Amino acid sequence: MIILGLDASSDAAAAALSADGVLLCEHTLNNGKNHSVKLLPMIENMLAETGLAFSDIDVYACGVGPGSFTGVRIGVATAKGFAQSWNKPMAAVSSLALLVENLRGFGGLRVAAVHARADELFCAAYGPEDEAVIEPAVMTVEELLGALAGKSCMAVGSGALTYRQAFTQALGSVAVPESSALHVIRGGAAAEWGYRKSQRGELLTYEQVAPVYLRASQAEREYKEKNLKSL
């Protein structure tokens, strides 16, 4: 089973190919720019490097957010376009679950904390068996740290890096890993989750997959504020 996994919800555009759960190829561009321009050539390059074609791909797996509104739209639309064109199933995965895949093997709570706006975070916490102890949500730093108090945790993501001092003070010195690579979503994580979901019979049609934003976009907020002021 050939799976293409991708995510574009953050500064990193990431994609990977796997075969029967074994990673074949993985590309990451972590510059926060031009996902709409870079993602497709990245995928085409991986196919060329592995000698595969779009017709060989059995499942398209993608991170559906939350994260950057534009990035989430690009990633989901790209994966859905492929799945529709080739009539293939999809695996939809929270981008926060993809992020904590970097902490697999850690025995405590694996926490995703992605900077959202002001002091808000897109966040979630997962146990060793991938159970969502804290479902994907928008919280302030104080709210998240309060929910994690007294628990053995490790946190990754742009929010964990931004508020490293607060996380360390609340949760201990190992709460936020030093390695910058652990704070970047990998395409391999999406491919791995795609394989797991295929084995569990949890695949979807492209019509069933939708972005997960959790909060209104800036344009929606500005529109609402403008209309409130006009009342």
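From a predicted model like this one, the values you see are computed outputs, not experimental measurements.
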Tell me the closest heavy-atom pair linking [X] and [Y], and the distance in Å.
{"X": "Gly127", "Y": "Val133", "value": "N-CG2, 4.0 Å"}
{"X": "Leu103", "Y": "Ala155", "value": "CD1-N, 4.4 Å"}
{"X": "Met154", "Y": "Val174", "value": "CE-O, 3.7 Å"}
{"X": "Val100", "Y": "Ala112", "value": "CG1-N, 3.5 Å"}
{"X": "Val72", "Y": "Pro66", "value": "CG2-C, 4.2 Å"}
{"X": "Ser18", "Y": "Ala191", "value": "OG-CB, 3.8 Å"}

From [atom1] ([X]) to [atom2] ([Y]), nearest 0.5 Å:
{"X": "Leu29", "Y": "Asn34", "atom1": "CG", "atom2": "CG", "value": "8.5 Å"}
{"X": "Met1", "Y": "Ile3", "atom1": "CE", "atom2": "CD1", "value": "6.0 Å"}
{"X": "His35", "Y": "Ser10", "atom1": "NE2", "atom2": "OG", "value": "6.0 Å"}
{"X": "Leu121", "Y": "Leu145", "atom1": "CG", "atom2": "CG", "value": "8.0 Å"}
{"X": "Ile57", "Y": "Trp86", "atom1": "CD1", "atom2": "CH2", "value": "9.0 Å"}
{"X": "Tyr163", "Y": "Gln169", "atom1": "OH", "atom2": "CD", "value": "14.0 Å"}

Is it the case that the side chain of [X] and the backbone of [Y] share a donor-acceptor pair, with hydrogens and angles ignored and the cut-off at 3.5 Å?
{"X": "Asp56", "Y": "Ala53", "answer": "yes"}
{"X": "Ser158", "Y": "His115", "answer": "yes"}
{"X": "Lys80", "Y": "Val209", "answer": "yes"}
{"X": "Glu143", "Y": "Thr140", "answer": "yes"}
{"X": "His183", "Y": "Gly157", "answer": "yes"}

Can you check whether [X] reaches [Y] side chain to side chain, under 4.5 Å on heavy atoms?
{"X": "Leu52", "Y": "Ile2", "value": "yes"}
{"X": "Pro177", "Y": "Asn102", "value": "no"}
{"X": "Val59", "Y": "Met90", "value": "no"}
{"X": "Pro136", "Y": "Ser94", "value": "yes"}
{"X": "Arg110", "Y": "Asp130", "value": "yes"}
{"X": "Ile43", "Y": "Phe82", "value": "yes"}
{"X": "Val111", "Y": "Leu148", "value": "yes"}
{"X": "Leu99", "Y": "Tyr126", "value": "no"}

Pair Tyr206-Asn87, side-chain contact (heavy atoms from CB on, under 4.5 Å): steps then yes or no: CA-CA 9 Å; Tyr206 76 89; Asn87 193 28; over 6 Å; no
If you group Ile, Leu, Val, Met, Phe, Trp and Tyr by side-chain heavy-atom gaps below 4.5 Å, do [X] and [Y] land in one group?
{"X": "Tyr213", "Y": "Leu98", "result": "yes"}
{"X": "Leu6", "Y": "Leu24", "result": "yes"}
{"X": "Val76", "Y": "Val37", "result": "no"}
{"X": "Leu161", "Y": "Leu144", "result": "yes"}
{"X": "Leu109", "Y": "Leu171", "result": "yes"}

Say whether [X] and [Y], considering side chains only, have a donor N or O and an acceptor N or O under 3.5 Å apart.
{"X": "Gln208", "Y": "Thr205", "answer": "yes"}
{"X": "Asp7", "Y": "Ser95", "answer": "yes"}
{"X": "Glu49", "Y": "His27", "answer": "yes"}

Pair Val22-Tyr195, side-chain contact (heavy atoms from CB on, under 4.5 Å): steps then yes or no: CA-CA 9 Å; Val22 177; Tyr195 183 71; over 6 Å; no
Chi angles and distances behind the side-chain contact (heavy atoms from CB on, under 4.5 Å) call for Asp11, Asn31: CA-CA 6 Å; Asp11 284 347; Asn31 66 355; over 6 Å; no
Within 6.0 Å of CD in Glu131, more than 12 heavy atoms from elsewhere: yes
Criterion side-chain contact (heavy atoms from CB on, under 4.5 Å) on Phe122 and Ser9, from CA distance to verdict: CA-CA 11 Å; Phe122 295 121; Ser9 65; over 6 Å; no
Pair Glu26 + Arg186, salt bridge at N-O below 4.0 Å: yes
Salt bridge (charged side-chain N to carboxylate O under 4.0 Å, His left out) assessment of Glu192 paired with Arg104: CA-CA 12 Å; Glu192 174 60 27; Arg104 183 160 294 279; over 6 Å; no
